[in-house]
Structures are given as structure tokens and as C-alpha cells.
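All values derive from a computational prediction rather than experimental measurement.
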Amino acid sequence: MPSFLSSIVALAIPIVFSMVTILLLHWDTIPAALLGLVLGMIFLIIVNRKYFKGSIFESIRTNVEGIQWNIISALAVCGFATVIANTSVYHAIIGALTSANINPYVLTVIAALVLGGLCADFIAGSATFAGTVGAYIIQSGANVQVQVMHRLALASTSVFDSLPHGGMVLLALNMFGYNHKEAYKYLVGSNIVVPLCTTIFGLILSLTVFG
């Protein structure tokens, strides 16, 4: 097996590269992140050359062909989020959330949980929250720390993006050759229970420090 250290370094490369280029060189976020990821992949190819069977390019082609249907499945779920956003149920939920008279941090967590579950996608759920309930909380003049609300929303939407129909769930199960019956219970523990606990802890901390 490839060394554990090479895996850690490969993860560190895009993070460090993005921090340097964005914070110091003032690059745009997307090109910095994409180039950082490419550099991380090149590093993995170089240090793990001996694990490739045959041509590196043949291995890359084979894996790209094998993963394309998983990518299509994930994109379909993102499209599902767009469809959900145009339903009467969705608008009714947004209306109920924005009319709720509760602490803005509590509202952030509840709304992000619900929207993350509806969209079944972390990114779509976060974007939906930001454009609806998040914008409402800020425009209402509530006494909130925007950066705290942002972190709570990200943590919350990551909880229910691993519902059975989630794109990343489909991708992971298909990649490792499991079905929902065999492996989903383990995903619930790692991808739902643990993030939910950290989200609740973050909410308690936010209420304690910022009220």
C-alpha cells in the first residue's frame, strides 16, 4: 500500500497552495483551488509510480471511464436540488423558517439542517440557505456574528447531505462496491451522527459566547 505520509502530503498541498495564493498573492479562489488539487494529484502520481500497473495514462483513462456514471449521479442530485427549490413545499418551508421567532443561531442550524436534507447536497444546501434564510437573518437586523452564522450553516448542511439519495452517498457506495443495505448504517454513524454532534456543540458554544 502507498505510504500514509504521501496521503497526508497530498492533502496538504492544495490547502497550503490555496492559502498562499489566495491570502498572499490575491488569486481568485477557484483557479487557486483547482491548481492546488492538480499539484496534489501530480505529487501522488510521482511518489506512487511503482503502484501503477502499466501506463499511467491508461490507469487514468480507466478510472475516468469507471467514475463517469458516479459523477453523473452526483450531478443529478444537484439538479434535484434545483427542482426542489421550485416546489410549493419548499417555499412553504422557507416561509415557515423565516417567520419563526427564535434565536438567529438556532434558526441557522435548524434551517441549514432542513435545507441540506431537502437538497441532499452540502453545496446546494449551503447556497440555498445563504440566499434565503441566511439573507433574511442578516436583513432583519438580528444581532449576529456573520462569520459564526456562516460556520454553523456549513456544519449543519453537512449533516443531512448524506441521506440515502445523496450524491456523495451514491458515489461512495458505488466506488467501493457496496449497496445501501450493506453499508449505509456505517455512513449514518460517520457522516450524520458525528457531524450532528459537532454542530450541536458549535451551536451551544455560539449561544454561550455570542448569545
In this structure, would Trp27 and Val38 fall into the same cluster of hydrophobic residues linked by side-chain contacts under 4.5 Å? no
For the backbone of Asn179 and the side chain of Glu182, can you confirm whether one donor and one acceptor N or O come within less than 3.5 Å of each other? yes
So, do Leu203 and Val106 sit near enough that their side-chain heavy atoms are less than 4.5 Å apart? yes
Minimum-distance pair of heavy atoms, taken over all atoms of Ser6 and Val47: CB-CG2, 4.0 Å
Exercise: identify the closest heavy-atom pair between Ile22 and Ala32: CG1-CB, 3.7 Å
In this structure, are over 12 heavy atoms from other groups packed under 6.0 Å from Asp28 atom CG? no
Can you see which heavy atom on Pro14 is nearest to which on Leu37, and at what distance? CB-N, 3.8 Å
Residue pair Leu187 / Ser162, side-chain heavy-atom distance below 4.5 Å: no
So how far is it from Leu118 CG to Ile93 CD1, rounded to the nearest 0.5 Å? 4.5 Å
State yes or no: do Ile200 and Val114 share one hydrophobic cluster built from I, L, V, M, F, W and Y residues joined by side-chain heavy-atom distances below 4.5 Å, directly or via other members? yes
Taking ring pair (Phe, Tyr, Trp, His ring centres under 6.0 Å) as the definition, give me every residue that meets it alongside Tyr184, ordered by chain and number, with sequence neighbours left out. His180
Please confirm whether the backbone N or O of Ala155 pairs with a side-chain atom of Thr199, one donor and one acceptor, at under 3.5 Å? yes
If you group Ile, Leu, Val, Met, Phe, Trp and Tyr by side-chain heavy-atom gaps below 4.5 Å, do Met149 and Ile102 land in one group? yes
Let me confirm one number: the CG-CZ distance from Asn191 to Phe160, rounded to the nearest 0.5 Å. 12.5 Å
Close side-chain approach of Gln145 to Val209, heavy-atom, < 4.5 Å: no
What is the minimum heavy-atom distance between Leu163 and Val169, and which atoms define it? O-CG2, 3.6 Å
What about Leu34 and Leu39, same hydrophobic cluster or not, with Ile/Leu/Val/Met/Phe/Trp/Tyr joined at side-chain heavy-atom distances under 4.5 Å? no
Determine the sole option in Val16, Ile15, Val9 for which the side chain to side chain contact (heavy atoms under 4.5 Å, CB included) test with Ile13 is passed. Val9
Atom pair CG (Leu152) and OH (Tyr105), whose distance is rounded to the nearest 0.5 Å: 8.0 Å
Side-chain cluster (under 4.5 Å, hydrophobic types only) that Phe4 belongs to, other residues: Ile8
Does Tyr51 OH have over 12 foreign heavy atoms under 6.0 Å away? yes
Counting C-beta onward and ignoring hydrogens, is there a side-chain heavy-atom pair between Thr132 and Tyr90 closer than 4.5 Å? yes
Nearest 0.5 Å, please: how far is OG in Ser7 from CG in Asn48? 7.5 Å
For a quick test of reading the model, state the closest non-hydrogen atom pair linking Ser126 to Leu154 and the distance between them. OG-CD2, 3.6 Å
Rounded to the nearest 0.5 Å, how far apart are CD1 of Ile192 and SG of Cys197? 12.0 Å
Any heavy-atom pair between the side chains of Val133 and Ile94 that's under 4.5 Å? yes
To the nearest 0.5 Å, what is the distance between CG (Leu97) and CZ (Phe129)? 9.5 Å
